[in-house]
Amino acid sequence: MSRRLLVSTFAHEQDLLDATNTAREKGYTILDSFTPFAVHGLDKAMGMRPTRLAWVTFFLGISGAIAKLWFQIWTSATSWPVNVGGKPLKSVPAFVPVTFEVMVLFAGVGSVLFFLFRRKLWPGKKPRFVYERTTNDRFVLVLVEDRADFDVSEVRQLFAPFHLVNLEERMEQES
Amino acid sequence: MAEILSTLRPPLVLGNKSYADITDDVCSALERKSSTGWWTSFIIAVGVLILGAISVGYQLVTGVGVWGLNNTVGWAFDITNFVFWIGIGHAGTLISAILFLFRQRWRTSINRSAEAMTLFAVICAGIFPIIHTGRPWFAYWFIPYPNFRGPLWVNFRSPLVWDMFAIGCYLTISALFWYVGLLPDLATIRDRAKTMWRKKIFGFFSFGWDGSNRTWQRYEKLYLLLAGLATPLVVSVHTIVSWDFATSIIPGWHTTIFPPYFVAGAVFSGFAMVLMLMLIVRKVMNLEDYITLHHIENMTKVIIATSGMVGLAYITELFVAYYSGNPYERFAFINRALGPYGWAYWLMVTCNVVVPQFFWWKKIRRHVGMVFILSIFINVGMWFERFVIIMTSLTRDFLPGSWSGFTPTILDITTLLGSFGLFFTLFLLFARFLPMIAIGEVKGVAGVKRATPPGAVEKRKEVAHEPAPVG
Amino acid sequence: MKDHLHTSEDQLNLPEEFSRRSFLKLAGFTFAGGVLAGCQQSNLEKAIPHLIKPEELVPGVPLWYASTCAGCSAGCGVLVKTRDGRPIKLEGNPEHPISRGGLCAVGQASLLGLYDSQRLGAPLAHGKESTWEQVDAAIKAELEGIRKRNGAVRFLTGTITSPTTNELVRRFLSTFKDARHVVYDPVSSSALLDAHERTHGVRALPQFRLEKATTIVSLNADFLGTWLSPVEFTKAYRQGRSLQGTPPVFSYHTQFESRLSITGSNADERVSVSPVELAHVASRLLSLLTERAGRRLPVAVPLLDERLERCTTECVERLWRTKGKSLVVCGVNDVAIQVVVNAINEVLGNYGSTIDLNRSSYQAQGNDTDLAKLLDEIRSGNVSALFVDGVNPFYDLPGAQELAAACETIPLPVSFGERNDETAEHMHYVLPQPHELERWNDSEAIAGIVSLTQPTIQPLRPARPLMETISIWMGTKESAYNLIRAEWERSIFKRQTREQSFTQFWNKTLHDGFAIVEPKRQAVSSFNPAAVAESLRQLSTQSLQQKLFVELHASSTILDGRHAHNAWLQELPDPVTKIVWDNVASLSRKRAESLNLHEGDVVRLNREGGRVIELPIHIQQGHQDDVISVSLGYGRKGTDRFHHVNPKWLQAKPTVEKGGTVGTNAAPLLEWKGKTLSYFVSGIEVERTGTNRQIAVTQEYDFLTNPNLLGESSGEKRNIIQQASLATFVANPSAGSFPKPPLDSLWPEEHTYPGHRWGMVIDLTACTGCSACVISCQVENNIPVVGKDEVARNRELQWLRIDRYYEEEGETLRVAHQPMLCQHCGNAPCETVCPVLATVHNSEGLNQQVYNRCVGTRYCANNCPYKVRHFNWFQYPRGDEIARMVLNPDVTVRDRGVMEKCTFCVQRIQLAKIEAKNEGRALRDGDVKSACQQSCPADAIIFGDVNDPNSEVSRKMKDPRTYRVLEELGVRPSIGYMTLVRNSDGIAVAEGGMKNG
Amino acid sequence: MKLLNNRMTTVVLLVAVVLTMSVFFTSFTSNMRLPDNHQGFEPVQPIAYSHRLHAGELGIDCLHCHGGAEQSRTAGIPPASTCMNCHQFVTASILSVREEDKLAAKESRPPRKIVSPDLQKLYRAVGLNEMGERDISLTAEGIEWIRVHSLPSFVYFNHSAHVNSGVACQTCHGNVETMERVRQVSDLSMGWCVNCHRDANANGINAKPVNASIDCDACHH
């Protein structure tokens, strides 16, 4: 099914924040909001859960480190043990630097890929929401007209104090 | 955002810009035709790059002997350049990552180009470990890949292997960090693009970014994480580079002070290089409103600090050498200061310890010309620091019978120049085609006043070019 | 014997190394090129087996032939190692009584001469290539004419030790009315023989028995370097200086000399004297000794200055204390001095003990008087046939030009030689001589010690030995083999009694390489004092007032120039100056300063008579102030062949200019003193040219002490060479030892060496610095020559270098030689840093260098505390195909871009182990001898298995004298060095060392 | 639905990538060969000498011709004289000789000497004429055999060490006695050598314990 969306545009992040807060207080369903830069407090205003990306990074890092440490010990002590400068075959201290580097590599690359995957971003992807100035100087709040008694004019009233720049209705794209 | 608006601190962006102005200021630079200034500098850079490429090509065909090296001095310009460039790279990561973690908002207008600089510096650095080998076509043996030799792996005890991993990792992470930061801005350019191909290209590379706040939320987190990873990474990288020397046995190399000493030096030289670039950029790309004297001053302050650390390291080295009671170590340092390469040592001390002291004067800190010249001195000094460390220790180590000297050949010099050519070529291309300033971040700290035009009028104006409702 | 040498030509002209050389790079590029290599072999290797397989010759298994070295006329015994029909290594023959297993650098390197593609390929007639038939016909015709008109026939040769050749020459000359065989040595010892003619009535060169002498006084005789028979003398010298036994028998060696020679650098006491002083010292010694003997000299001998008076009196004390067991030798080619020296030895009663006139030596037979006479004859144009063999008069005699001009008048000038040299180009006929390894020959270098030379390869050049030529001219077309057999059957066989049948005797000699027979009797009359008086008078006339001399001496590498075409020797650093590819005018710092000259400044040495040579100067420690010493043998024609011996690249400087020569010929400065050639030339004026020439040296800093702030060597002294005086050593065997630092390891001892563990001990007391080991290593391990420019850039490739350190204490200069090679450290710093495991430890304690794995980061070399690793900076040229035949097929030929270093001759270790395994026995001590050890004339190097408690090396390792260089670094070297002990009482050499933290 | 599809596509993409990579890797390990891996090399030799016939049917010992293998680094290619030991008598296959005899009997004449084409080449090589008779005008020219097993020049393999410690020729050269034309059976790669040495150290050769060094300089010096 396709839903009707109400798109309201503002010219300043502060307006957007206030609008979002009021909208949530009034119990409107907020689909998303679009801004040229990360507006602090907006997550709270929209009532979003904090992301768990950090955990992904953590586990990727740990696994990378363990894998590499094992690999180094395996190659130099098991696969082909060679006497190098009289050092023991398992010279663990010498294996630390590479282990660390690989840990960082896994964590870093992993979390970026994970981020792109979760947010479904990839090269050549078409932007989902098109409102040309959201990447420039416009702040957009998108409400879902999911209630039977949803009244656009009421919302206009509600947002008026926040220098509402523009208000329009759209249909969510089918696919 | 209040603290930024407060009058106690100078504003980070001058000429109270609107969001649109910021976008225009940054992006217009990319949409204009390239200035003659850009063209001339680009042609020079490419010329030097070609010179370097030719000399490297000649060296690959003829042998490493075309450099001034000998049996006693196995490394000279090659590794000096390597360490120098790696060092340069560090400032970028420091600005973008460490300053980010410390919530130093002033970084926003320089971090983009600083990161770019890191990337290009690391590329320049990465070339030398490969071409300095006798048989570069076997350089891939550094990589532990499955093979038909038994299988025969690599020596994970060798700092050179650590290097390979460190640089590889550093390059990747910096690139990611840089690109992730670039994403929203690419979208901005895409959205304001007029021409077809601009739309397409930036459309492709902006990964369909639409400024959704749900993305922004994770993006912020990701950025924070990357910053958190890059910070220890940058320290580890130069630590490992310093271990190339510190884990060896040669007097003057075999010392525990190297890691901190090298990292400080790296940041030191890196900031000098950033300053040089920024001073050029803000002039050429007229971004004076974004890269303000305030920024420059901050960087000079970092330089004073790091120069102090480097100076301290020099003194500590001398003291430890004397205190160690190890005759070879002791001589290594006497020789460093008074031996055949004493001139280089004193040049280094002057450039790295004496010259930066000028930055104690606010006048000089805020005098663009002076700052530019001094930072050049610092870069020269830091190149010589590496040269001195390598040269003095290698030329005269344990057995006097094996002592020797080093004189660079033409190709040593052209190769060094070539690396600069490569660096500036890449940087100029970057300046030409990508936003020099993190638009999104700057908007975040620009402190734009809440606009209060009568909504209706505003709206009517809007409607004019409002896209037809979709769906 | 000959058919053993049958070898298919193809194999000779197709050295497998050829493909080997190009391999690494090729592989490299294809590797880089990717993984998609096809199935079929890129270049097919055609293998051609012998058609008829001689029983002894198994491809890949070396054959050894006993033979005689022809590097000089000392006649050392060699063993020739041949692989697949080509000689690849010369080693000393341990049984041979002269060299006793040693072989000097020159001998080792003479192998390269065999593969010299510039040797003449056909006889020359009037400068044009001709055939033997034509040449023989022409010459025989000429000779007939001369015989008819009783023309003067002169046969001018260098010292010929071959009895057969001498006999044949005698017979040949006897067919003419007026014929003479004139012998001279380019570096002449004529006076020594003449002196004995005067004092003992026989013109002979006695055999000096240094091993029997407990006091050795040498007046400018470089007997460990180039004088007469260096290997023999070195062996004997060592024998007389052993630290075994209590008290040890250790000779005391005083050296009076004007320049610093190898011998001087090993002397216990070294007195630098000017030539005049030298003469006076000789007479003073004699007078003092005669006084001791309670007799008086007919002539009053002037006193010397305070310093020399002291030295001489001390010297006399020692000599007298050890009379009968002492020896005074003199290297000055001046009859008067030599007579006086004979007198001294007579007074000391050394004749019959340390000087043997009955088993006299034939190692130098030159007679300057005859030579002078011949030269007069030539000038006056009454020589009708001149045959020159083995010498190069137009190069190595003064006034070569006018001599050459005079020779134009000779109807039949003929020269025998390997190449078209300075002399040959003035001759009507040039008859190419084969290389010693291609031919049959014999030698009696010391009366009663006869040895044979046998061919070890099919001749590479269609040459014909002198003896065959003569026999052809005399109508008997005998092969050299038959001629020698015949001569031996006639004369030599009779001088022995051990073998009954000649064939047995012959075969045994052939197998052993030598035989001991009765020396020819010669009438030695008792000492004739009459000669002494007027000699003393002569010497006393020489005024002591200071004037400048030029001393000309043989080069310690290319001798009198006969080896100037040998790249190995040209690149062998002079043991003292460490200079390569050049000769220089050495002088003292004082003299240089007074002339305001700096290292490398080119000076012009003017001698009256318009004889001028230009040379760069070299400031030399321990040089007498009034003497400039110049080495002979350089500036040979055709040495511009080395123009491209070094790699070509942007900033490369050619080793020698096109049309130029390596170094400068100093022979024009030689002067005739009466009827002897004098090597001390006075009346020379030195003139600055203002130009400066780079001198390539292999050692740039010469002292054990750090340079101080001004760069002078007065800083702290480094603990690198343990030194002790004999006195302190006798008191305490570990005298002079450095403080032993605590060596705790952070690591657990994880690596054990259960089987063999290879180690080496180098006795610094024994080592004379002669550098034989350097060349031996170079030959064995396919080390290329890199040329002057590369050496000047400190890129020489010799795996074994000899560090030479000076210590100056006021008057006295102390010199120490330290062979430095890979120490095969147990905890090798080079290994830890190699990223690709190209240098790792093996299970027998060797530090392996795997060339094909090496990427060439040079990190290992940087991290080597001994700096003994050498890098292939370029693809070093290895000469033409012929030159490449010398390569050792058991050692990889390294390509550019890889690191290399001493391997302890691992190829020998491996082969020895396999042989032992195949014979089902354990490896014995001495089965593996490293190349350096094998050649060392002083037996200073001992190599072996340290795990074997009975091996010599493990015993030496426990010796209190043994220490390890830079032990405090904890790298655990496998090479032990033994304290350098000098017979100099109470010298505080050990003290003042630094305390290591 | 759109969102779902996106995930689908990503998953599909990932799977595809993984597959291609694994395919590439397996192919790399299985049949991709490095330069100088001439496994299966089987050149045509100047003389069609059959190991199957000599070593197989006639059962001549390998060492009879390749005696070097016992004493030397190289096994060596036998000199033509070794061939001549037999082939001065044996000039053709027994069958063709019988043929000739029959024919001769039929035509009642003394049988002619039959020389097989390949032996004619041999005779020429040692300087005899095609019929294997002396001929002063001819000179020996040798046989240019094409080398089948060749190692890089920096590898020193010693036959005697292996033969004497009981390694069968076939271990490396395969069943030559069954080959009409000799083919390189093993890939002669370093891993192949090293792993055989490891195996020998662990299990010995024919249950006889041996010490097969895996030090680098056992082969590289």
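Small disclaimer: the values here were computed from a predicted structure and weren't measured. Residue numbers begin at 1 in each chain, while the letters A, B, ... track the order of the sequences.
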- Query: Is the distance between the ring centroids of B/Phe77 and B/Trp67 under 6.0 Å?
  - Reply: no

- Under 4.5 Å from any heavy atom of chain C - which part of B/Trp153: backbone

- Query: Checking heavy atoms, do the side chain of C/Glu790, its backbone, both or neither come under 4.5 Å from chain B?
  - Reply: neither

- Note on the structure: Under 4.5 Å to a heavy atom of chain B? For C/Val971 that would be side chain

- Query: Between B/Arg149 and B/Trp141, is any pair of side-chain heavy atoms under 4.5 Å apart?
  - Reply: yes

- Message: At a 4.5 Å cut-off on heavy atoms, which part of B/Ile410 comes close to chain C: side chain, backbone, both, or neither?
- Response: both

- Item | Donor on one side chain, acceptor on other, B/Asn335 and B/Arg396, under 3.5 Å | yes

- Message: Does any backbone or side-chain atom of C/Lys578 lie under 4.5 Å from a heavy atom of chain B? Answer side chain, backbone, both or neither.
- Response: neither

- Item | Under 3.5 Å: donor-acceptor pair, side chain of B/Asp78, backbone of B/Pro129 | no

- Query: Among B/Gly65, B/Gly63, B/Gly339, which residue forms the greatest number of heavy-atom pairs with chain C at distances under 4.5 Å?
  - Reply: B/Gly65

- Side chains of C/His870 and B/Asn71 in contact at under 4.5 Å (non-hydrogen atoms): yes

- Task: Taking the side chain as every heavy atom from C-beta outward, state whether B/Ile86 and B/Val83 have any pair of such atoms under 4.5 Å apart.
- Result: no

- Item | Residue C/Arg801 versus chain B: region with a heavy atom under 4.5 Å | side chain

- Message: With a 4.5 angstrom heavy-atom cut-off, is it the side chain or the backbone of C/Met899 that approaches chain B, or both, or neither?
- Response: neither

- Query: When heavy-atom pairs shorter than 4.5 Å are enumerated against chain C, which of B/Thr247, B/Val161, B/Asp397, B/Val73 gives the highest number?
  - Reply: B/Asp397

- What part of B/Tyr58 is in contact with chain C, defined as an atom under 4.5 angstrom from a non-hydrogen atom: side chain, backbone, both or neither? side chain

- Region of C/Ile720 that comes under 4.5 Å of a non-hydrogen atom in chain B: side chain

- Look up atom CG in B/Asp412 and atom CG in B/Leu417, then write down how far apart they are to the nearest 0.5 Å. 11.0 Å

- Task: Please examine the side chains of B/Trp403 and B/Thr72, heavy atoms only from C-beta on, and report whether any two atoms are closer than 4.5 Å.
- Result: no

- Heavy-atom distance under 4.5 Å to chain B: side chain of C/Val965, backbone, both or neither? side chain

- What residue, out of C/Ala838, C/Pro647, C/Pro829, C/Cys854, has the most heavy-atom pairs lying under 4.5 Å from chain B? C/Cys854

- Item | Part of C/Arg869 within contact of chain B (heavy atom distance under 4.5 Å) | backbone

- Query: What part of B/Ile79 is in contact with chain C, defined as an atom under 4.5 angstrom from a non-hydrogen atom: side chain, backbone, both or neither?
  - Reply: neither

- Contact part of C/Gln699 toward chain B, heavy-atom cut-off under 4.5 Å: side chain, backbone, both or neither? both

- Message: Using heavy-atom distances under 4.5 Å, tell me whether C/Leu966 contacts chain B through its side chain, its backbone, both, or neither.
- Response: side chain

- Which portion of C/Pro865 sits near chain B, non-hydrogen atoms under 4.5 angstrom: both

- C/Cys860 versus chain B, heavy atoms under 4.5 Å apart: side chain, backbone, both or neither? neither

- Looking at C/Val868, C/Val840, C/Asp803, C/Thr832, which one has more heavy-atom pairs under 4.5 Å with chain B than the rest? C/Thr832

- Item | Residues, nucleotides or ligands: over 12 heavy atoms within 6.0 Å of C/His751 NE2 | yes

- Query: So which part of C/Phe871 gets closer than 4.5 Å to some heavy atom of chain B, the side chain, the backbone, both or neither?
  - Reply: both

- Note on the structure: Counting heavy-atom pairs under 4.5 angstrom with chain B, the leader among C/Ala861, C/Cys864, C/Ala652, C/Cys834 is C/Cys834

- Pair B/Ser419-B/Asn81, side-chain donor/acceptor within less than 3.5 Å: no

